[in-house]
Amino acid sequence: MKHSNSNRPNKITAGEPITIDLVERCLDRLAIIMDRSQTPEVYLPLWERLESEIEQMKAIESMIARALRRVRR
């Protein structure tokens, strides 16, 4: 598998704010690790956790957007 996602920067730096984009980049890296692993299933709990975090962050963003739309009507 050749991995390339030119839409996102590759470098993840310490102290970088935790955003959906950052967690997506972590998933990208984890996918590469899984692809190279003899036992990719050992990474599934981490994969599930990262996907769950993304869903939670999206839900929070959606709630905030709905609240702000109410105020701005």
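Numbers here simply count residues along the sequence, with the first being 1.
Not one N or O on the side chain of Thr39 forms a donor-acceptor pair closer than 3.5 Å with the backbone of Glu41.
Remark: Arg73 pairs with no residue by the side chain to side chain donor-acceptor pair (under 3.5 Å) rule, at least two apart or across chains. Scanning for side chain to side chain contact (heavy atoms under 4.5 Å, CB included) contacts around Thr19 gives Pro17, Asp21, Leu22, with sequence neighbours left out. Residues passing the side chain to side chain contact (heavy atoms under 4.5 Å, CB included) test with Leu46, sequence neighbours excluded: Leu30, Leu50. Shown here are the side chain to side chain donor-acceptor pair (under 3.5 Å) partners of Ser62, two or more places apart in sequence or in another chain: Arg66.
Chaining together hydrophobic side chains whose heavy atoms lie under 4.5 Å apart places Leu68 alongside Ile60, Met63, Ile64.
Sequence neighbours left out, the pairs with a member in residues 44-55 that pass salt bridge (Lys or Arg N to Asp or Glu O under 4.0 Å) are Arg49-Glu53.
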Apply side chain to side chain contact (heavy atoms under 4.5 Å, CB included) to the pair Val42 and Met34, showing each step before the final yes or no. CA-CA 9 Å; Val42 301; Met34 291 172 74; over 6 Å; no
Test Glu16 against Arg25 for salt bridge (Lys or Arg N to Asp or Glu O under 4.0 Å), laying out the working first. CA-CA 12 Å; Glu16 184 175 349; Arg25 290 178 5 231; 2.9 Å; yes
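In this structure, Asp35 CG and Tyr43 OH are separated by 11.5 Å, a value rounded to the nearest 0.5 Å.
A 4.5 Å side-chain heavy-atom check between Ile18 and Met57 finds at least one atom pair inside the cut-off.
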